[in-house]
Q: 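Below you will find the structure I want to go over with you.
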Amino acid sequence: MSSSDQHSSIDFIRAKIIADLESQKFGKRVHTRFPPEPNGHLHIGHAKSICLNFGIAREFGGLCNLRLDDTNPTKENMEYVTSIQEDLQWLGFDWDDRLFYASDYFEQLYQYAVMLIQKGKAYVDSLTAEEIRLYRGTLTEPGRESPHRKRTIEENLALFSRMRAREYENGVHVLRAKIDMASPNINLRDPALYRIRHATHYRTGEAWCVYPTYDFAHPLSDSLEGITHSLCTLEFEDHRPLYDWVLRECEVSCHSQQIEFARLNLGHTVMSKRKLLQLVEEGHVKGWDDPRLPTLKGLRRRGYTPEAIRNFCERVGVAKRDSVIEMALLEHAIREDLNRSASRVMAVLHPLKVIIENYPVGQIEELEAVNNPEDPSEGKRRISFCREIYIEQEDFREDPPKKFFRLSPGQEVRLRYAYIIRCVGFEKDPQTGEVMALRCTFDPDTKSGKTQSSRKVKGTLHWVSAQHAIPAEVRLYEALLTQSNPGSGGELQDLQMLLNPHSLTVLSGCKVEPDLSKATPGSRFQFERQGYFCLDPDSTQDKLVFNRTVPLRDSWAKIEKE
RNA sequence: UGGGGGAUCGUCUAGCGGUAGGACGCCAGAUUCUGGAUCUGGCUGCCCAGGUUCGAUCCCUGGUCCCCCAGCCA
């Protein structure tokens with residue numbers, strides 16, 4: 001056991017599992033599952049569930065299945081299945097040979113339904129959807145029994161069989177559980193078990209025209225797979241009596257324990273499939289992998305590591321209260337990871353030319369730079385220095401405010417890994433007032449590494465050689481939404497109004513170290529003093545494109561704000 | 001005004017009758033050739049009102065507020 005292990009106290013789910021283990025409720029087994037519906041891409045909310053389910057299986061020496069919960073042919077497709085598997089693998093989880101599909105259980109599920117009919121626990125209803133809704137009652141009034149509720153077992157068997165035999169159009173019949181139309185729990189007012197859907201299922205094709213509902217398929221799928229603990233989100237809490245009813249009435253041998261926890265909400269973004277889809281389809285973002293999205297594909301493209309995401313999910317904890325996690329925690333997780341692992345390079349986002357007047361024209365020096373001060377094994381590299389360089393525009397102020405430790409007329413700074421320079425003049429565009437270039441002098445005695453430089457300067461600037469640097473595009477990202485908690489409701493218009501107009505800023509005239517031309521898409525770097533960036537797949541031979549994953553913490557920005 | 005859940009620092013999360021702890025964040029300092037990282041120190045909290053108890057975040061009673069449920073979605 002490493003000493004760095006933080007014994008995070010056990011959450012209520014793990015406590016329950018431990019209790020079940022002690023009581024031998026499922027013997028010594030712990031078997032979980034991650035059951036996404038293949039109708040959307042995975043996001044960080046799913047990551048929490050994934051880390052929980054796979055994490056628990058690993059911790060208790062159990063197993064975790066991947067199950068595609070594909071009981072609705074009108075919404076699901078194979079592309080999502082593939083995407084889900086990719087994302088899961090990228091996140092670092094492995095389901096070995098335990099890849100399952102609810103659709104593989106259709107025949108068994110159908111037989112269970114027949115069994116319920118035979119027990120008089122299910123019946124075919126022929127009311128319209130609208131009528132069923134009316135008969136259901138309201139939150140405060142009990143429902144009424146359907147006139148078809150008294151059909152005989154034989155009638156129901158025949159009808160259900162003919163439903164399967166494609167004799168009816170969509171919606172003319174539905175198989176319902178016979179429970180209690182007066183139950184205060186609306187989910188128990190004879191919920192639908194099977195509906196007719198003449199649609200091509202992406203896996204079973206035309207084999208079926210009746211499909212089980214979630215409430216019927218899910219508990220039985222869990223049971224069929226021998227799942228001991230079926231973890232789901234809070235909104236299913238009042239489905240649990242139904243979950244248990246199905247397993248009891250179907251007389252299964254493995255009665256899985258459903259446990260509910262609060263879903264993950266992240267500030268300044270949205271997590272619902274519906275809203276994510278809306279953002280993509282209406283073109284507010286460029287696709288499912290847009291770096292502004294909380295999708296796994298978006299985070300990956302943004303530069304997030306699986307490690308950071310897993311860490312984040314652990315820190316977030318598991319509980320039953322609704323919560324909204326601050327983006328700062330996610331950012332902390334990725335900074336923590338990248339600080340250890342990302343190679344440092346110098347890149348200038350808003351270039352300002354600096355001419356070092358006393359540096360010989362045409363002279364080029366090779367300076368030594370550390371690749372990663374957090375990891376000496378990453379070694380060193382050579383960077384070129386010459387008479388003309390670029391620094392960041394914001395690193396010069398004609399009239400410096402207090403505590404501005406950068407360049408201003410007459411002031412000195414160190415150029416990282418190079419010399420101390422002093423600003424002796426600057427050129428301004430007479431029209432715009434924009435500073436066009438700086439004139440500086442350097443002190444040859446202050447070369448980096450030469451310790452005799454007794455002089456201390458308050459600031460160190462990053463820079464690139466004007467002659468050697470290569471151009472790049474840099475994409476800066478900020479929060480997608482202006483509001484920290486957009487809430488769970490909200491329609492199209494509301495979401496649009498919350499969009500942050502500055503969520504993406506494209507910088508096209510950036511200058512970066514020439515070695516970056518050898519980087520491969522997805523590789524991550526720290527641009528010194530600025531943040532963590534990763535090379536975007538949009539990059540081409542002659543145009544590098546970087547995404548800013550997250551800026552470095554910036555205490556100067558805080559000071560200046562005052 | 002039916003049923004099911006939930007309320008602890010700004011944000012998350014521990015606590016299970018005995019000094020309210022951790023993380024993120026924030027503030028201050030040290031250090032630093034990244035205003036980064038690191039290291040110190042500090043900050044703010046038990047929804048309310050009664051009750052039981054020597055002692056209550058915890059147990060009881062009564063409130064208040066928030067979330068979920070009336071799909072043939074999951």
Side-chain angles (χ1 to χ4, degrees), chain A residues 6-11 35-37 39 69 71-72 74-75 125 127-129 132-134 136-143 170-171 173-176 183-189 191-197 210-211 213-215 217-218 232-241 260 262 267 273-274 315-333 335-336 339-340 344 346 370 373-374 403-406 413-418 420 446 448-449 453 456-462 484 488 526-531 551-560:
Chain A
Q6 293 182 347
H7 289 269
S8 46
S9 52
I10 51 169
D11 54 72
E37 182 187 11
N39 71 340
D69 202 357
T71 57
N72 187 346
T74 62
K75 295 185 167 184
D125 199 356
L127 255 26
T128 64
I132 287 180
R133 187 173 65 77
L134 262 15
R136 188 153 29 228
T138 68
L139 293 178
T140 52
E141 306 157 39
N170 287 350
H173 298 300
V174 61
L175 183 73
R176 291 229 257 167
S183 172
N185 181 345
I186 292 179
N187 297 298
L188 262 19
R189 317 240 263 229
L193 265 24
Y194 263 90
R195 71 285 213 197
I196 300 173
R197 280 262 209 288
V210 289
Y211 293 91
T213 58
Y214 168 86
D215 283 319
H218 205 88
C232 64
T233 43
L234 254 25
E235 67 269 28
F236 294 105
E237 203 149 17
D238 50 17
H239 287 241
R240 178 150 36 92
E260 311 83 12
K273 282 180 186 173
R274 199 186 110 258
R315 283 166 199 253
V316 151
V318 185
K320 294 194 72 157
R321 89 181 73 155
D322 295 313
S323 60
V324 182
I325 278 71
E326 290 177 340
M327 201 60 91
L329 187 60
L330 219 208
E331 295 183 338
H332 174 263
R335 285 196 189 103
E336 182 182 54
N339 176 52
R340 303 190 273 264
R344 271 62 169 171
M346 293 202 281
V370 173
E374 302 291 322
K403 294 185 182 173
F404 185 79
F405 302 152
R406 306 178 186 186
V413 293
R414 170 168 291 282
L415 292 176
R416 176 131 243 228
Y417 297 124
I420 289 175
T446 60
S448 188
S453 158
K456 283 277 183 184
V457 287
K458 43 280 170 226
T460 298
L461 305 187
H462 63 278
S484 71
S488 52
Q526 184 196 98
F527 288 0
E528 292 217 30
R529 299 210 308 137
Q530 304 194 95
L552 249 28
R553 291 180 67 220
D554 187 352
S555 50
W556 164 243
K558 286 174 193 166
I559 295 170
E560 202 186 18

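Just so it is clear: chains get the letters A, B, ... in the order the sequence lines come, proteins before strands, and each one is counted from 1. Hydrogens, waters and symmetry mates are skipped; everything else that's a heavy atom, side chains included, is used. Given the structure is predicted, the values throughout are model-derived calculations rather than measurements.
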Q: Check the distance between B/G35's C1' and A/His462's NE2 and give it to me in whole angstrom.
A: 13 Å

Q: Closest-nucleotide mapping onto RNA chain B: is A/Gly137 or A/Leu415 further toward the 5' terminus? I mean the 5' end.
A: A/Leu415

Q: Using the P atom on both, measure B/G71 against B/G6 and round to a whole Å.
A: 25 Å

Q: For A/Arg340, which contact category applies under a 4.0 Å heavy-atom criterion: base, sugar-phosphate, or nothing?
A: nothing

Q: Mind checking which stems touch RNA chain B? I mean at least 3 consecutive Watson-Crick or G-U pairs, both distances under 3.5 Å.
A: B:2-7 with B:64-69, B:10-13 with B:21-24, B:25-30 with B:38-43, B:47-51 with B:59-63

Q: Can you name the residues that form a salt bridge (Lys or Arg N to Asp or Glu O under 4.0 Å) with A/Glu326, not counting sequence neighbours?
A: none

Q: Looking only at atom C1', what distance separates B/C9 and B/C46, rounded to whole Å?
A: 10 Å

Q: Looking at every non-hydrogen atom in both residues, tell me the closest pair between A/Asn339 and A/Glu374 and how far apart they are.
A: O-CG, 3.3 Å

Q: I need the minimum non-hydrogen distance between A/Arg176 and A/Arg189, along with the two atoms involved.
A: NH1-O, 3.5 Å

Q: Using a 4.0 Å heavy-atom cut-off across all strands, classify A/Phe404 as base, sugar-phosphate, or nothing.
A: base

Q: On the nucleotide B/G3, are OP1 or OP2 found under 4.0 Å from the side-chain N or O atoms that A/Arg136 carries?
A: no

Q: Is there a donor-acceptor contact under 3.5 Å from the side chain of A/Arg133 to the main chain of A/Thr128?
A: no

Q: Going by side-chain contact (heavy atoms from CB on, under 4.5 Å), name the residues that satisfy it together with A/Arg340, two or more places apart in sequence or in a different chain.
A: A/Glu307, A/Glu336, A/Asp337

Q: With rounding to the closest Å, how many angstrom separate the P atoms on B/G18 and B/C59?
A: 12 Å

Q: With respect to the phosphate group of B/A74, does any side-chain polar atom (N or O) of A/Arg195 fall under 4.0 Å of OP1 or OP2?
A: yes

Q: Shorter than 3.5 Å, N or O on both sides, protein versus nucleotides 28-32 of chain B: list them out with atom names.
A:
none

Q: Which value, in whole Å, describes the distance between the C1' atoms of nucleotides B/G17 and B/G22?
A: 23 Å

Q: May I have the distance from A/Ile196 (atom CD1) to B/G71 (atom C1'), rounded to whole angstrom?
A: 16 Å

Q: Taking only side-chain nitrogens and oxygens of A/His332, does any of them come within less than 4.0 Å of OP1 or OP2 of B/C24?
A: yes

Q: Verify salt bridge (Lys or Arg N to Asp or Glu O under 4.0 Å) between A/Arg240 and A/Glu260, making sure each step is shown before the conclusion.
A: CA-CA 9 Å; A/Arg240 178 150 36 92; A/Glu260 311 83 12; 2.5 Å; yes

Q: Is there any protein nitrogen or oxygen under 3.5 Å from a nitrogen or oxygen in nucleotides 37-41 of chain B, and what are the pairs?
A:
from  : atom 1 : to       : atom 2 : distance (Å)
B/A37 : OP1    : A/Arg553 : NH1    : 3.4
B/A37 : OP2    : A/Arg553 : NH1    : 3.3
B/A37 : O2'    : A/Asn339 : ND2    : 3.1
B/A37 : O2'    : A/Glu374 : OE1    : 3.4
B/A37 : O2'    : A/Glu374 : OE2    : 3.1

Q: List every contact pair, protein side and nucleotides 12-14 of chain B side both N or O, where the distance is under 3.5 Å.
A:
from  : atom 1 : to       : atom 2 : distance (Å)
B/C12 : OP1    : A/Val324 : N      : 2.9
B/C12 : O5'    : A/Val324 : O      : 3.4
B/C12 : O2'    : A/Val316 : O      : 2.9
B/U13 : OP2    : A/Arg321 : NE     : 3.4
B/A14 : O2'    : A/Ser9   : OG     : 3.4

Q: So, is A/Thr138 near the phosphate of B/G2, with a side-chain N or O under 4.0 Å from OP1 or OP2?
A: no

Q: Using every non-hydrogen atom in the two residues, find where A/Ile132 and A/Val174 come nearest and quote the distance to one decimal.
A: CD1-CG1, 3.7 Å

Q: Inspect the contact between A/Lys75 and A/Glu37 and indicate whether a charged nitrogen and a carboxylate oxygen are less than 4.0 angstrom apart.
A: no

Q: Quantified in whole Å, what is the P atom distance between nucleotide B/C39 and nucleotide B/U61?
A: 48 Å

Q: Taking only the P atom of each, what is the distance from B/G2 to B/G63 in whole angstrom?
A: 12 Å

Q: On a heavy-atom basis, which atom in A/Lys403 and which in A/Ile559 lie closest, and how many Å separate them?
A: CD-CG2, 4.0 Å

Q: Quick one, A/Val316 and A/Leu329 - any side-chain contact, counting heavy atoms below 4.5 Å?
A: yes

Q: Can you check whether A/Leu552 reaches A/Gln526 side chain to side chain, under 4.5 Å on heavy atoms?
A: yes

Q: Would you indicate what A/Pro373 reaches in the nucleic acid, counting non-hydrogen atoms under 4.0 angstrom: base, sugar-phosphate, or nothing?
A: base

Q: Within this structure, what is the CD-to-C1' distance between A/Glu237 and B/C68, rounded to whole angstrom?
A: 9 Å

Q: What's the CG-P distance between A/Leu134 and B/G71, to the nearest Å?
A: 10 Å

Q: Considering only B/A74, B/G2, B/G35, which nucleotide approaches the side chain of A/Trp556 most closely?
A: B/G35

Q: Counting only N and O atoms by type, is there a donor-acceptor contact under 3.5 Å from the side chain of A/Asn185 to the main-chain atoms of A/Asp238?
A: yes

Q: Quantified in whole Å, what is the C1' atom distance between nucleotide B/U8 and nucleotide B/G45?
A: 6 Å

Q: Between B/C69, B/U34, B/A74, spot the one nearest the side chain of A/Thr460, thanks.
A: B/U34

Q: Using a heavy-atom cut-off of under 4.0 Å over every strand shown, decide if A/Tyr194 touches base, sugar-phosphate, or nothing.
A: nothing

Q: Apply the syn/anti split at 90° from 0 to B/G71 and say which one it is.
A: syn

Q: Heavy atoms under 4.0 Å, any strand shown: does A/His218 hit a base, just sugar-phosphate, or nothing?
A: nothing

Q: What is the separation between atom CZ on A/Arg240 and atom P on B/G5, rounded to the nearest whole Å?
A: 7 Å

Q: Is A/Lys458 atom NZ crowded by more than 12 heavy atoms from other residues, nucleotides or ligands, each under 6.0 Å away?
A: yes

Q: Starting the side chain at C-beta, find the nucleotide from B/C72, B/G2, B/G35 nearest to A/Ile186.
A: B/G2

Q: For the residue pair A/Val324 and A/Ser484, what are the closest heavy atoms and their distance?
A: CG1-O, 4.2 Å

Q: Over how many whole Å does the gap from A/Glu235 atom CD to B/A74 atom P extend?
A: 13 Å

Q: Identify, between A/Thr71 and A/Gln526, the residue whose nearest nucleotide on RNA chain B lies closer to the 5' end.
A: A/Gln526

Q: Could you check if a side-chain atom of A/Tyr417 sits within less than 4.5 angstrom of a side-chain atom of A/Val370, using non-hydrogen atoms only?
A: yes

Q: Mind running side-chain contact (heavy atoms from CB on, under 4.5 Å) on A/Glu237 and A/Lys320 for me, showing each step along the way?
A: CA-CA 11 Å; A/Glu237 203 149 17; A/Lys320 294 194 72 157; 2.3 Å; yes

Q: Whole angstroms only, please: what is the NZ-P distance between A/Lys75 and B/C72?
A: 12 Å

Q: B/U57 and B/U1: how far apart are their P atoms, nearest whole angstrom?
A: 29 Å

Q: Checking all strands, does A/Glu528 fall into the base, sugar-phosphate, or nothing category for heavy-atom contacts under 4.0 angstrom?
A: base

Q: Counting the atoms with a prime plus P, OP1 and OP2 as sugar-phosphate, which does A/Tyr211 contact under 4.0 Å by heavy atoms, base, sugar-phosphate, or nothing?
A: nothing

Q: Check whether any side-chain heavy atom of A/Leu188 sits under 4.5 Å from a side-chain heavy atom of A/Pro241, and report yes or no.
A: yes

Q: Roughly, in whole Å, what's the span from CG in A/Leu139 to C1' in B/G2?
A: 7 Å

